Amino acid sequence: MSALDLPGIRSLCYENEPLADLTAAGVSKAAMLERLRIDLGVAATRTLAVGDGINDLEMLDWAAHGVAMGHAPASVLAAADQICPPGTEDGLATALSTWFR
């Protein structure tokens, strides 16, 4: 992963992938989920996030319980509290079934 210096823009460029994420500075999945959590009155300790990309790192850190999909890059796997099977093996369903017992 690398970053570009673009004033007012947050960028994430992926190694070995032909894509980049560009957002306004201060905008992230974690920031928006925090606003939603507060608006809905959900306790911070009751938050779950599931991700599979570099742009999910902040969200996984934000959540009380972060789950990485099994096919995620190594940095995402390392940031998660739990790793579920990849999407091709119904990993999201597996993760959610353990959370919503």
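What you see is a predicted model, and the numbers here were worked out from it, not measured in a lab.
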Separation of Met59 CE from Met32 CE (nearest 0.5 Å): 13.5 Å
Nearest heavy-atom neighbours spanning Gly66 and Ala63: N-CB, 4.3 Å
Separation of Leu96 CG from Asp90 CG (nearest 0.5 Å): 11.0 Å
Passing candidate, side-chain contact (heavy atoms from CB on, under 4.5 Å) with Met69, options Pro85, Cys84, Pro86: Cys84
Residues which pass salt bridge (Lys or Arg N to Asp or Glu O under 4.0 Å) with Glu89, listed by chain and number, not counting sequence neighbours: none
Closest approach of Thr98 to Ala95 (non-hydrogen atoms, all atoms of both residues): OG1-O, 2.8 Å
Joint cluster assignment, Phe100 & Leu92, ILVMFWY side-chain distance < 4.5 Å: yes
Least distance between heavy atoms, Trp99 atom then Arg46 atom: CZ2-O, 3.8 Å
Please set out all donor-acceptor pairs under 3.5 angstrom arising from side-chain atoms of residues 47-57, sequence neighbours excluded.
residue : atom : partner : partner atom : Å
Thr47   : OG1  : Ala44   : O            : 2.8
Thr47   : OG1  : Ala64   : N            : 2.8
Asp52   : OD2  : His71   : NE2          : 3.0
Asn55   : ND2  : Asp21   : OD2          : 3.4
Asp56   : OD1  : Lys29   : NZ           : 2.5
Asp56   : OD2  : Asp52   : N            : 2.9
Asp56   : OD2  : Gly53   : N            : 3.0

Shortest non-hydrogen separation from Gly26 to Ala31 and the atoms involved: O-CB, 3.8 Å
Residue pairs, two or more places apart or on separate chains, that pass side-chain hydrogen bond (donor to acceptor under 3.5 Å, both in side chains) and touch residues 73-83: His65-Gln82
Euclidean distance, Arg35 CZ relative to Leu40 CG, rounded to 0.5 Å: 12.0 Å
